[in-house]
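Because only heavy atoms are used, hydrogens play no part in the values below, and waters and symmetry mates are left out as well, while side chains stay in.
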Amino acid sequence: MKWCHIPIVIFFYKFIFNLNAYIKSKYYFEKYKQWLIKPNESLLTHEESIKKLFNLAGIKDSSRPYIEQITNMHIYESRISVMNNMFVRRADVQHTIIGMFQACIGIFRSRILESFSLFYWVDIFLFFPKNILNYLNLDPEKAAYRILNVVLTAIWWTFVTSLTIFKKQFKAMIINFIEILP
């Protein structure tokens with residue numbers, strides 16, 4: 001496989017991965033709307049898949065107040081997770097889940113379209129260390145993130161520059177290394 005094929009494989013992986021997630025989001029959203037009209041147990045088996053889709057899209061869980069009167073003088077008050085209670089017949093939870101599905105569909109549609117954007121790929125290449133740190137969910141406000149970003153960016157650009165300057169030597173070194181492997 002030639003080196004020029006790697007970006008093509010990455011492009012198709014990103015495109016197909018997000019297209020698959022987009023289709024699943026639309027499918028589960030239609031199933032959820034049907035469940036709202038006529039509740040059945042078939043959608044309940046897909047609860048974990050729906051949660052994984054929301055997490056993959058980066059949609060955070062929210063909570064809603066829950067109040068229950070225990071006796072005439074006592075009230076129980078707490079908050080419930082929307083994702084963990086997506087099949088509860090409460091209008092506020094249902095509206096939140098519908099909004100989460102719509103956001104999920106929009107996020108995956110956006111990711112599909114950005115896979116065709118040259119600016120997206122240039123940004124990924126130019127700011128590769130920052131993208132890796134963001135992928136690892138490190139907080140950009142912390143000093144450690146900033147220091148690590150500067151160090152990794154310096155290493156990245158040193159590597160890219162030296163790879164550009166010493167392209168023939170790197171190629172010969174890699175070929176020699178592959179030849180001595182058993």
Side-chain angles (χ1 to χ4, degrees), residues 1-29 46-63 79 81-84 86 96-182:
M1 185 161 145
K2 293 191 176 192
W3 290 101
C4 63
H5 292 123
I6 292 174
I8 295 169
V9 169
I10 292 171
F11 162 78
F12 277 111
Y13 173 78
K14 178 178 174 51
F15 175 75
I16 291 170
F17 182 81
N18 286 305
L19 181 64
N20 179 46
Y22 174 77
I23 291 169
K24 281 182 181 179
S25 299
K26 294 213 34 127
Y27 171 78
Y28 288 134
F29 185 40
H46 299 288
E47 182 176 1
E48 283 304 311
S49 298
I50 294 169
K51 286 179 186 178
K52 284 181 184 178
L53 271 176
F54 288 160
N55 288 331
L56 190 61
I59 297 173
K60 302 289 184 207
D61 193 7
S62 62
S63 62
R79 299 193 69 78
S81 163
V82 172
M83 279 191 200
N84 290 337
M86 69 175 70
T96 304
I97 292 294
I98 288 171
M100 290 171 126
F101 270 117
Q102 290 170 339
C104 190
I105 290 168
I107 288 167
F108 289 121
R109 182 185 311 120
S110 171
R111 289 180 185 171
I112 289 169
L113 294 175
E114 80 183 1
S115 67
F116 292 102
S117 171
L118 179 64
F119 294 116
Y120 171 77
W121 293 106
V122 169
D123 180 66
I124 290 291
F125 178 76
L126 291 177
F127 303 108
F128 187 70
K130 179 189 73 157
N131 291 314
I132 294 294
L133 294 175
N134 290 339
Y135 176 77
L136 296 173
N137 287 327
L138 299 178
D139 186 11
E141 299 299 319
K142 302 245 175 165
Y145 175 93
R146 292 180 184 158
I147 293 169
L148 204 53
N149 187 27
V150 169
V151 170
L152 290 177
T153 301
I155 292 170
W156 170 248
W157 282 109
T158 303
F159 172 74
V160 169
T161 305
S162 61
L163 187 64
T164 306
I165 294 171
F166 303 109
K167 183 177 181 180
K168 290 180 183 177
Q169 289 86 351
F170 274 119
K171 185 176 180 181
M173 185 177 70
I174 290 172
I175 290 171
N176 289 336
F177 178 73
I178 291 174
E179 287 176 353
I180 63 170
L181 289 175

_Closest approach of I59 to M100 (non-hydrogen atoms, all atoms of both residues)_ = CD1-O, 3.3 Å
*Step by step, would you call F29 with I98 a side-chain contact (heavy atoms from CB on, under 4.5 Å)?*
CA-CA 8 Å; F29 185 40; I98 288 171; 4.0 Å; yes
_Under the ring pair (Phe, Tyr, Trp, His ring centres under 6.0 Å) test, residues paired with Y27 that sit two or more places apart_ = none
*asked:* Considering only residues two or more places apart or on different chains, which pairs with a residue in residues 97-114 satisfy salt bridge (Lys or Arg N to Asp or Glu O under 4.0 Å)?
replied: K14-E114
_Please enumerate all residues that pass ring pair (Phe, Tyr, Trp, His ring centres under 6.0 Å) together with F17, with sequence neighbours excluded._
Y13
*In chain order, what residues pass the ring pair (Phe, Tyr, Trp, His ring centres under 6.0 Å) check against F15, with sequence neighbours excluded?*
F116
_Contact summary for I107 and A57, nearest pair of heavy atoms_ = CD1-O, 3.4 Å
_Distance check, rounded to the nearest 0.5 Å: F108 atom CZ versus K26 atom NZ?_
13.5 Å
*Roughly how far, to the nearest 0.5 Å, is OG of S110 from CG of N18?*
9.0 Å
_Listed partners of S117 passing side-chain contact (heavy atoms from CB on, under 4.5 Å), at least two apart_ = F119, Y120
*What pairs of residues pass the ring pair (Phe, Tyr, Trp, His ring centres under 6.0 Å) test when at least one of them lies in residues 146-174, not counting sequence neighbours?*
F125-W156, F128-W156
*asked:* Using the salt bridge (Lys or Arg N to Asp or Glu O under 4.0 Å) criterion, which residues pair with E48? Sequence neighbours excluded.
replied: K51
_Criterion side-chain contact (heavy atoms from CB on, under 4.5 Å) on L152 and I132, from CA distance to verdict_ = CA-CA 10 Å; L152 290 177; I132 294 294; 5.7 Å; no
*With no hydrogens and no angle check, is any side-chain donor or acceptor of S25 less than 3.5 Å from a backbone partner on A21?*
yes
*asked:* Could you report the tightest heavy-atom contact between S63 and R79, atom names first, then the distance?
replied: OG-NE, 3.0 Å
*With sequence neighbours left out, write down each residue that passes side-chain contact (heavy atoms from CB on, under 4.5 Å) with F177, or none if nothing qualifies.*
I180, L181
*asked:* Donor-acceptor check, side chain of S115 to backbone of I112, threshold 3.5 angstrom: yes or no?
replied: yes
_Which residues pass the salt bridge (Lys or Arg N to Asp or Glu O under 4.0 Å) test with R146, not counting sequence neighbours?_
E141
*asked:* Would the distance check show the side chain of D61 and the main-chain N or O of M83 forming a donor-acceptor pair, the cut-off being under 3.5 Å?
replied: yes
_Nearest-0.5 Å distance that lies between atom CH2 in W121 and atom CD1 in I10_ = 6.5 Å
_How long is the straight-line distance from CD1 of I105 back to CD of Q102, given to the nearest 0.5 Å?_
7.0 Å
*Under the ring pair (Phe, Tyr, Trp, His ring centres under 6.0 Å) rule, collect the residues that match up with F54, sequence neighbours excluded.*
F101
*Sequence neighbours left out, what pairs pass side-chain hydrogen bond (donor to acceptor under 3.5 Å, both in side chains) with at least one residue falling in residues 122-137?*
N134-Y145
_Measuring from atom NZ of K142 to atom CG of N149, what distance do you get when rounded to the nearest 0.5 angstrom?_
16.0 Å
*Taking side-chain contact (heavy atoms from CB on, under 4.5 Å) as the test, write out the residues that go with K171, two or more places apart.*
I175
_Side chain to side chain, P7 and F11, heavy atoms closer than 4.5 Å_ = no
*About how many Å separate NZ of K24 and CD1 of I50, when rounded to the nearest 0.5 Å?*
11.5 Å
